[in-house]
Amino acid sequence: MALRLFDSLSRELRELKPAHPDGVFRFYTCGPTVYAPAHIGNFRTFVVNDVLRRLLELELGRDKVKHVRNVTDVDDKTIKRAREERRPLWEVTREWTDKFHADCAALNCLPPHVEPAATEHIREQVDMIEVLMRKGNAYRAADGSVYFKVSSFDHYGRLSRVKERELQASSALAGKVHAADADEKEDVSDFALWKAWKPEDGDVQWPGPEATSGRPGWHIECSAMSKKHLGDTIDLHTGGVDLLFPHHENEIAQSECCNGATFARHWYHSEFLLVDGKKMSKSLGNLYTLDDLVAKGFSPMALRYALLTGHPRKQLNFTLDSLHAAESALATLRAYRATLPAAGGAPDAFSTVFENLHDDLNTPAALGAFFSIVNRGSGGIDAAAFDRVIFALGLKLDAPVPVKVQAPAAVNAIAERRWAAKQIKDFATADALRNELTAAGWSMLDRKDGYSLEPLKK
RNA sequence: GGCGCGGUAGCCAAGUGGUAAGGCCGAGGUCUGCAAAACCUCUAUGCGUCGGUUCGAUUCCGACCCGCGCCUCCA
């Protein structure tokens, strides 16, 4: 079953298949900048890419997909954070890289096969910059920084369809553009390949092109790491829509001018996650991290499910309610799974689910198809087929770990009295005591051999 | 100003030129002393507004209204 995906460059659905003779699909995803915990919007992209990775493995074979996702561990934000905290850059970036990995694991994302860090590929970046300088696509400014000359690349703007960026200068944002442009560029459109060392960079510096110390620009990092680990031409390059311009546009310019080959055969961008109808931002106070949601009592799996309920190329409005819905939906799937025999069902029982997944990664339609089948009952379905769907979506249906919250002594005492009343079938008293527990914010779950107490869900 | 996206039930969200998937919530029921869980049933004469094309439009076209994103921090 062909896997078709929208291509941001040609703006049409195209089949994903490896171009290289070895049959290995080369897949690059722009990873996080590690200076703070990633928020759930970041994770939308990574979860969507994880489903894509899983589908590719199912389609092409586990050893026929090579997924690379970088870590940006040097840039303005990481340097700023390190300076503010008076810590070495590597210490800050390692802390947040570790946190990112922990969050990804909690969300059941498969680790990429290679996870290159920008600071470990300085040489490769400098090499590319030097080639670009030799070819006349880059120039050194008075302060020692090196810029890419946008006018030297005819195809610039094809991806983002921004033909003449100079036009932007006369836009409402002109003031902002000029204010941020207090450097030595020949043209406002040009972008930094190498940033000359400045005092505020402290000891963050490396020998650069022609031995000028400084640090790499953001865009060159992905071009260099992609080239090193996947070659000059890759099969698929993905990221969030916000990276489409300028990041990906710049990557194309750098890589194609340097390598003289098509950079990526296919581009895919996942849309933004909105919270309460707006883009997440600190100023709006609607920015959530995984930890924020876990602290509210939600499971990471609920977030993963919620992130998949919207079409990846459409903005998805996230609400806490959607997390409640996700928890309930997962519970339904968990209960259904328990009724299935291990084998003996139709192998293609869930083919409609995969058809939707293969049709431009339509996860909401796939979930709809999934539940339609589940609602028909367990006849002819086995756990193996069910689990293939669960694998593709990357869900985990382990029973949620009960939150170990110790009830206050007073609540325990009421529960004990109610249990005793129930044993002697004094139901009037038992009901009255249940009401007391509810008023105190606790729920008492009866079993044959005892009971448990849980805080009432808000 | 330029580029792009969207407006479908209380909430989230698919989809099609031929009469609206799915999840959540809610209601009723089975079961349970009650509650919880599980299971069953029900829940949009209508898909932003106004026109047009058509035998027929939520689905195509046009205008308008509203919302969102990007335009060198940004998943």
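Naming convention: chains lettered A, B, ... in sequence-line order (proteins, then strands); numbering from 1 in each chain. Hydrogens, waters and symmetry mates are skipped; everything else that's a heavy atom, side chains included, is used.
A:Arg313 has no side-chain polar atom (N or O) that falls below the 4.0 Å cut-off from OP1 or OP2 of B:C5. OP1 or OP2 of B:G22 has not a single side-chain nitrogen or oxygen of A:Asn356 nearer than 4.0 Å. Here A:Ser328 does not reach the OP1 or OP2 of B:G23: none of its side-chain N or O atoms lies under 4.0 Å away. Using a 4.0 Å cut-off, no side-chain N or O of A:Lys279 falls inside it from OP1 or OP2 of B:A75. Between B:A14 and A:Asn362, no contact under 4.0 Å exists linking OP1 or OP2 to a side-chain N or O. Look at A:Thr332 and you'll find a side-chain N or O under 4.0 angstrom from OP1 or OP2 of B:C24.
Across all strands shown, B:G18 is found opposite B:C55 as a Watson-Crick or G-U wobble partner, with both distances under 3.5 Å. Checking B:A63 for Watson-Crick or G-U wobble geometry (two distances, each under 3.5 Å) identifies B:U49 as its partner. Of the nucleotides present, B:G26 is the one that pairs with B:C42 by Watson-Crick or G-U wobble criteria, both distances under 3.5 Å. With a cut-off of 3.5 Å on both pairing distances, the Watson-Crick or G-U wobble partner of B:G1 is B:C71.
Taking atom C1' on both B:U43 and B:A37, the two are 23 Å apart, rounded to the nearest angstrom. Distance check on atom P: B:A13 versus B:C61 gives 23 Å, rounded to whole Å. B:A44 and B:C12 have their C1' atoms separated by 15 Å, with the value rounded to a whole Å. Separating the C1' atom of B:U59 from that of B:U54 is a span of 13 Å, rounded to the nearest Å. Taking atom C1' on both B:A75 and B:C34, the two are 49 Å apart, rounded to the nearest angstrom. The gap from the P atom of B:G22 to that of B:A36 amounts to 25 Å, rounded to the nearest Å. When the P atom is used for both B:U8 and B:G15, the distance is 14 Å, rounded to whole Å. Spacing between B:G69 and B:C60 at atom P, rounded to whole Å, works out to 25 Å.
Between the P atom of B:C34 and the CG atom of A:Leu433 lies a distance of 18 Å, rounded to the nearest Å. B:U72 atom C1' lies 14 Å from atom NE2 of A:His248, rounded to whole Å. To the nearest angstrom, P of B:G67 lies 18 Å from CD of A:Glu271. Note: CG (A:Leu367) to P (B:C24) measures 12 Å, nearest angstrom. The CG-C1' distance, from A:Asp446 to B:C31, rounds to 15 Å in whole Å. Whole-Å rounding puts the A:Arg418 CZ to B:A36 P distance at 12 Å. Counting to the nearest Å, the C1' atom of B:G10 and the NE2 atom of A:His324 are 16 Å from each other. Between A:Gln315 atom CD and B:U8 atom P there is a gap of 14 Å when expressed in whole angstrom units.
Side-chain N/O atoms of A:Arg376 and base N/O atoms of B:G22 include no donor-acceptor pair closer than 3.5 Å. Checked by distance alone, A:Arg434 brings a side-chain donor or acceptor within 3.5 Å of a matching partner on the base of B:A35. Between the base of B:C74 and the side chain of A:Lys77 there is no donor-acceptor pair shorter than 3.5 Å. Between the side chain of A:Asn317 and the base of B:C11, no donor-acceptor pair under 3.5 Å is found. With hydrogens and angles ignored, a donor-acceptor pair closer than 3.5 Å exists between the side chain of A:Asp431 and the base of B:G33.
Within 4.0 Å of A:Phe371, counting heavy atoms only, lie sugar-phosphate atoms of the nucleic acid but no base atom. Counting any heavy atom pair closer than 4.0 Å across all strands shown, A:Thr309 reaches sugar-phosphate atoms only and no base atom. At a threshold of 4.0 angstrom between heavy atoms, the contacts of A:Leu273 include nucleobase atoms, whether or not backbone atoms are also involved. Contact annotation for A:Asp76: no contact, since no heavy-atom pair falls under 4.0 Å across all strands. Counting any heavy atom pair closer than 4.0 Å across all strands shown, A:Gly41 reaches a base atom. Contact annotation for A:Gly368: base contact, defined as any heavy-atom pair under 4.0 Å involving a base atom. A:His39 comes within 4.0 angstrom of a nucleotide base, judged by non-hydrogen atoms across all strands. No engagement by A:Asp75 is indicated, since no non-hydrogen atom pair under 4.0 Å with the nucleic acid exists. The residue A:Arg69 sits apart from the nucleic acid: no heavy atom pair falls under 4.0 Å. Across all strands, A:Lys314 comes closer than 4.0 Å only to sugar-phosphate atoms, never to a base (heavy-atom distances).
Comparing B:C12, B:G23, B:C3 against the side chain of A:Arg161 picks out B:C3 as the nearest. For A:Leu243, whose side chain is taken as the heavy atoms from C-beta onward, the closest listed nucleotide among B:U72, B:C74, B:C3 is B:C74. Relative to the side chain of A:Arg11, the nucleotides B:C24, B:G69, B:G4 differ in distance, and B:G4 lies closest. Looking at the side chain of A:Leu316, the nearest of the listed nucleotides B:G23, B:C71, B:A13 is B:A13. Nearest to the side-chain atoms of A:Thr33 among the listed nucleotides B:A13, B:U72, B:A75 stands B:A75.
Mapping A:Phe46 and A:Leu274 onto RNA chain B via the closest heavy atom, the residue that lands nearer the 5' end is A:Leu274. Each of A:Ser160 and A:Lys422 was matched to the nucleotide of RNA chain B holding its nearest heavy atom; the match closer to the 5' end belongs to A:Ser160.
The aromatic rings of A:Tyr156 and A:Phe245 sit perpendicular, their planes meeting at an angle over 60°, well past the 30° parallel limit. Using a 30° and 60° split on the angle between ring planes, A:Phe386 and A:Phe350 fall in the perpendicular class, above 60°. Taking the six-membered ring for Trp and thresholds of 30 and 60 degrees, A:Tyr451 and A:Trp419 have ring planes inclined between 30 and 60 degrees apart. Ring orientation note: the planes of A:His269 and A:Trp267 are close to parallel, at an angle under 30° on the 30°/60° scale.
Here A:His219 and A:Phe191 bring their ring centres to under 6.0 angstrom of each other.
The side-chain tip of A:Arg69 does not point at the ring of A:Phe27 from less than 6.0 angstrom away and within 45° of straight on. Judged by a 6.0 Å distance limit and a 45° cone about the ring axis, A:Arg54 is positioned over the six-membered ring of A:Phe391. Relative to the ring axis of A:Phe6, A:Arg313 places its NZ or CZ within 45° and under 6.0 Å from the centre.
The two residues A:Arg304 and A:Leu107 come nearest to each other via the heavy atoms NH1-O, 2.8 Å.
A heavy-atom distance below 4.5 Å is not found between the side chains of A:Lys80 and A:Tyr35.
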